[in-house]
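Presented below is the structure to which this report refers.
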Amino acid sequence: MHYSCFKNCIVIINIICCLCFTHSSYAQTKPNIIIFLCDDLNQQDVGCYGNTDVHTPNMDKLATEGLRFTKAYAASPMCSPSRSVLFTGLYPFHNGSQMNHFTVRPGISSLPYYLQQQGYRVVIAGKIDVFPADKFPFEHIGKEFGKYEPVSNRTDRKKETVHLIEAHFKTKPGQPLCLIVAPWIPHVPWFPNKDFNPQQLKLPEYLADTKETRQALAAYYQSISVADEMFGEVLQALDQAGEKEHTAVMLTSDQGAQFPSAKWTVYDQGLRVPLIVRWPGKTMAGTTTDALVSLADITPTLIDMADGKAIEGLDGSSFKEVLLNKKKDHHQYVFAETSMEPHYWYNYTPARSVITAEGFHYIKNYHPGTRFITHIDSVERNEFYFDSWVQQASSDNKTKFLLSRYSYRPPEELFNLNNDRAEFKNLAGNRAYIKQLMTMRLLLKQELNRQGETETMIKEGPLPEFSDHSYTIRQHNSAADLSFNKKLWNPGVLYITAWIEGTNNGGVICDYFNNFKLYAYKNRIGIMLADSTVLESAVLPANSGHLLVRLSAQGDLNIQFNHEPVLSKQLDKDLTKIKGGYVTCGKIQGEAYSGRLQSFQGTISDLRFTMNSLLSGPNAP
């Protein structure tokens, strides 16, 4: 080959290489996004937010390099509802996940879907805790540290998150990455304390000062340190990949810590979360904003950062303009709620709340006569301190106040967060604040009307109505297996009774914990087993009537309609027991089907599940 031809070939090859390099490294115009989602972390328990006891050097460094929000709020103080809001941009009533561990409604779209439409690889590492899985189509890694126990798994010992960051930018250099790192920390059980002197800690004023509380606080702070170390590993991996300047990093939490009047409650300690954003070239380093934002804003903000089209109908809205320092304010108010969790159906104490940009916080408690009970009272997993509060309350007025404040709520509460961050002074009964109270009442009413949730819905809730040895579920509602003491609810014979109208176009009557699905469709009564086997009656003579199902632990199935036998079968298996999942009325939890298993198109009245005997009363067998 002539030298000049050889030289020309080399030039062409170099040009091609440069073009390839340009395509892989510079064609990506959308930012990579990493969200580190802590679990049960108060805003005030991070160093850059003023806590001088905790050890959070990596979180603090992020604040020096980015923008720190002072008024960021969760929309629910419970894991599943809060995360469902974060990943859908919809408040709990709109997305359907109001009780802890409940699913979102059928047809709901979520963050991974939206960002995948923008070309992103969307990965979650660790804990997901939103349901059902197909509505949240994340690529899931780190499943080991996404499990609740053992605690030692929670630190991603296999370094799957770090390895993904290393590998992604080598193997998929042109594809933007959205990575949510979601460990179970500092969620209880806390890591054993090794770095803190409990007696030297400055105790937050919302906690009673007992030896046991201080030990618990030290363990909580130890867990925060572990979370910070893990966050540091993520940042280091990003730096080593050379992608720091091309990646927006967010640090936040799903709700506050598991202490009285924090998690589970809509008090400030339960809702106000850290939110720090570093977006190189976009956010100003070391800055702070008082813009009022909600975790419902995260999904629309990420879509906006990816230059996607705004999604209509979301409750949240993008705060990208705040990140870019083009706006100082965001919401005039944010909404939050608690509906408790299914473990505590006997303690259904719902509350709805609004927080304004000017710093007022209004809470409406819908069952003020019911004592508030959570894990904290009796089943905390480690560092149990609640009994020390009860004991000390008999001799210490502040502890008595804190214990009473946690356990019993008035119908209304109004706080001025500007001078009462601990929310100790309820202004709802103060005549000087009557105008503010009326304004906040109206604001909450307007918000509930906008969402379509009525006071009757809130007071009734989604839970069963329990009797001595039976329970009733209203149409379109459901209950999780967590609501049942399985030693008590252990039927040898299960009876299902109801009045059914519309067997022609009906659909599913109930899904019984994935054991079977009972339906009425095309004027037939049928049952679908877990293996999709269908057993069905002949055509019924009437479109409405009384339904009676008897199913024994030995597998004897007998179904009557209008007091006439319509289906009998020996199933040779026990389908009466409560397993993981839901018991429903007129729907499949979190799913929408057609045909036999469609949501019931007629009316189901008084759907009752009875154990062992149809006789009623306390002396029934």
Side-chain angles (χ1 to χ4, degrees), residues 92-99 101-108 131-132 339 342 345 348 350 366 451-467 470-484 489 494-528 537 540 542-549 551 559-562 578 581-611 614:
F93 179 76
H94 274 163
N95 71 50
S97 179
Q98 290 184 282
M99 299 286 283
H101 309 300
F102 266 54
T103 68
V104 297
R105 301 181 194 278
I108 294 293
F131 313 96
S339 295
W345 55 263
Y348 179 58
Y366 291 84
Q451 294 185 38
E453 187 177 34
T454 67
E455 186 162 310
T456 298
M457 291 177 183
I458 298 170
K459 287 183 175 181
E460 287 183 346
L463 295 170
E465 179 182 336
F466 285 87
S467 299
S470 65
Y471 55 92
T472 303
I473 300 180
R474 296 185 302 278
Q475 189 165 349
H476 308 307
N477 283 356
S478 58
D481 65 290
L482 297 171
S483 290
F484 296 84
W489 297 97
L494 173 68
Y495 294 93
I496 303 173
T497 55
W499 177 265
I500 305 296
E501 295 181 16
T503 61
N504 53 341
N505 296 320
V508 66
I509 298 171
C510 73
D511 180 0
Y512 187 76
F513 301 108
N514 297 312
N515 288 328
F516 60 85
K517 296 171 177 64
L518 180 68
Y519 65 87
Y521 185 64
K522 291 187 175 180
N523 286 322
R524 299 173 187 268
I525 300 291
I527 187 169
M528 180 180 288
S537 73
L540 304 171
N543 191 39
S544 62
H546 184 266
L547 174 70
L548 169 61
V549 178
L551 178 62
I559 301 178
Q560 294 183 14
F561 190 72
N562 279 334
I578 294 172
Y582 305 87
V583 57
T584 69
C585 179
K587 67 175 187 176
I588 304 296
Q589 181 68 29
E591 301 292 346
Y593 297 110
S594 59
R596 296 183 179 97
L597 302 184
Q598 67 188 6
S599 295
F600 199 81
Q601 302 301 300
T603 301
I604 304 172
S605 301
D606 303 314
L607 180 68
R608 181 179 293 268
F609 300 81
T610 304
M611 182 172 62
L614 286 176

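For the 3.5 Å distance criterion, the side chains of Gln98 and Glu453 qualify, holding a donor opposite an acceptor. In this model, no donor atom of one side chain and acceptor atom of the other lie less than 3.5 Å apart for Glu465 and Thr472. Side chains of Asp511 and Thr584: a donor-acceptor N/O pair is absent below 3.5 angstrom, by distance only. A side-chain donor from one of Ser470 and Arg608 sits under 3.5 Å from a side-chain acceptor of the other. Neither side chain, Arg596 nor Tyr521, offers a donor N or O lying under 3.5 Å from an acceptor on the other. Donor-acceptor pairing under 3.5 Å is recorded for the side chains of Gln589 and Thr103.
Both cation-pi conditions hold for Arg105 and Phe93: the charged atom is under 6.0 angstrom from the six-membered ring centre and inside a 45 degree cone around its axis.
Heavy atoms from other residues, nucleotides or ligands lying under 6.0 Å from CG of Asn562 number more than 12.
Annotation for Leu463 and Ser483: closest pair CD2-OG, 4.0 Å, computed over non-hydrogen atoms. Scanning both residues, Gly581 and Asn514, for their nearest heavy atoms gives CA-ND2, 4.0 Å. Heavy atoms only, all atoms of each residue included: Gly590 and Pro106 are closest at C-CG, 3.8 Å. The two residues Ser537 and Arg524 make their nearest non-hydrogen contact at O-NH1, 3.1 Å.
In this structure, Gln601 and Asn504 have side chains that are not in contact, with every pair of non-hydrogen atoms separated by 4.5 Å or more. Two residues are said to be in side-chain contact when any heavy atoms from C-beta on lie closer than 4.5 Å; Leu597 and Met528 meet this criterion. The shortest distance between side-chain heavy atoms of Lys517 and Ile527 does not fall below 4.5 Å. Side-chain contact between Val104 and Pro132 is present, with heavy atoms from C-beta onward closer than 4.5 Å.
No donor-acceptor pair under 3.5 Å is formed between the side chain of Ser544 and the backbone N or O of Ile500. Checking side-chain atoms of His94 against main-chain N and O of Gln451 turns up a donor-acceptor pair under 3.5 Å. Not a single donor-acceptor pair under 3.5 Å links the side chain of Glu501 to the backbone N or O of Gly545. No donor-acceptor distance shorter than 3.5 angstrom exists from the side chain of Asp481 to the backbone of Tyr582, with no hydrogens or angles considered.
Distance check: Lys459 NZ to Thr454 OG1 gives 10.0 Å after rounding to the nearest 0.5 Å. Put simply, CD on Gln475 and OG1 on Thr603 are 6.0 Å apart, with the number rounded to the nearest 0.5 Å. Here the CG atom belonging to Leu518 is positioned 6.5 Å from the CD1 atom belonging to Ile525, to the nearest 0.5 angstrom. To the nearest 0.5 Å, the span separating CD on Gln560 from CG on Leu548 amounts to 5.0 Å. In this structure, CZ in Arg474 is found 9.5 Å from SG in Cys585, a value given to the nearest 0.5 Å. In this structure, Ser478 OG and Phe102 CZ are separated by 4.5 Å, a value rounded to the nearest 0.5 Å.
Of the candidates Trp489, Phe609, Tyr348, Trp489 is the only one forming a ring pair (Phe, Tyr, Trp, His ring centres under 6.0 Å) with Phe466.
Judged as a side-chain contact (heavy atoms from CB on, under 4.5 Å), and not counting sequence neighbours, Lys522 has no contacts.
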Item to check | Residues Leu551, Phe516; criterion side chain to side chain contact (heavy atoms under 4.5 Å, CB included); working and verdict | outcome: CA-CA 11 Å; Leu551 178 62; Phe516 60 85; 3.6 Å; yes
Next on the checklist: Walk me through whether Glu455 and Tyr366 qualify under side chain to side chain contact (heavy atoms under 4.5 Å, CB included).
Outcome noted: CA-CA 8 Å; Glu455 186 162 310; Tyr366 291 84; 3.8 Å; yes
Item to check | Intermediate values then yes/no, side chain to side chain contact (heavy atoms under 4.5 Å, CB included), Leu607 and Cys510 | outcome: CA-CA 9 Å; Leu607 180 68; Cys510 73; 4.0 Å; yes
Checklist entry - Going through the checks in order, is the ring pair (Phe, Tyr, Trp, His ring centres under 6.0 Å) test met by Phe513 and Phe484? => result CA-CA 12 Å; Phe513 301 108; Phe484 296 84; 5.7 Å; yes
Item to check | side chain to side chain contact (heavy atoms under 4.5 Å, CB included) assessment of Thr497 paired with Leu614 | outcome: CA-CA 10 Å; Thr497 55; Leu614 286 176; 4.2 Å; yes
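For Phe600 and Tyr519, the ring centers sit 6.0 Å or farther from each other.
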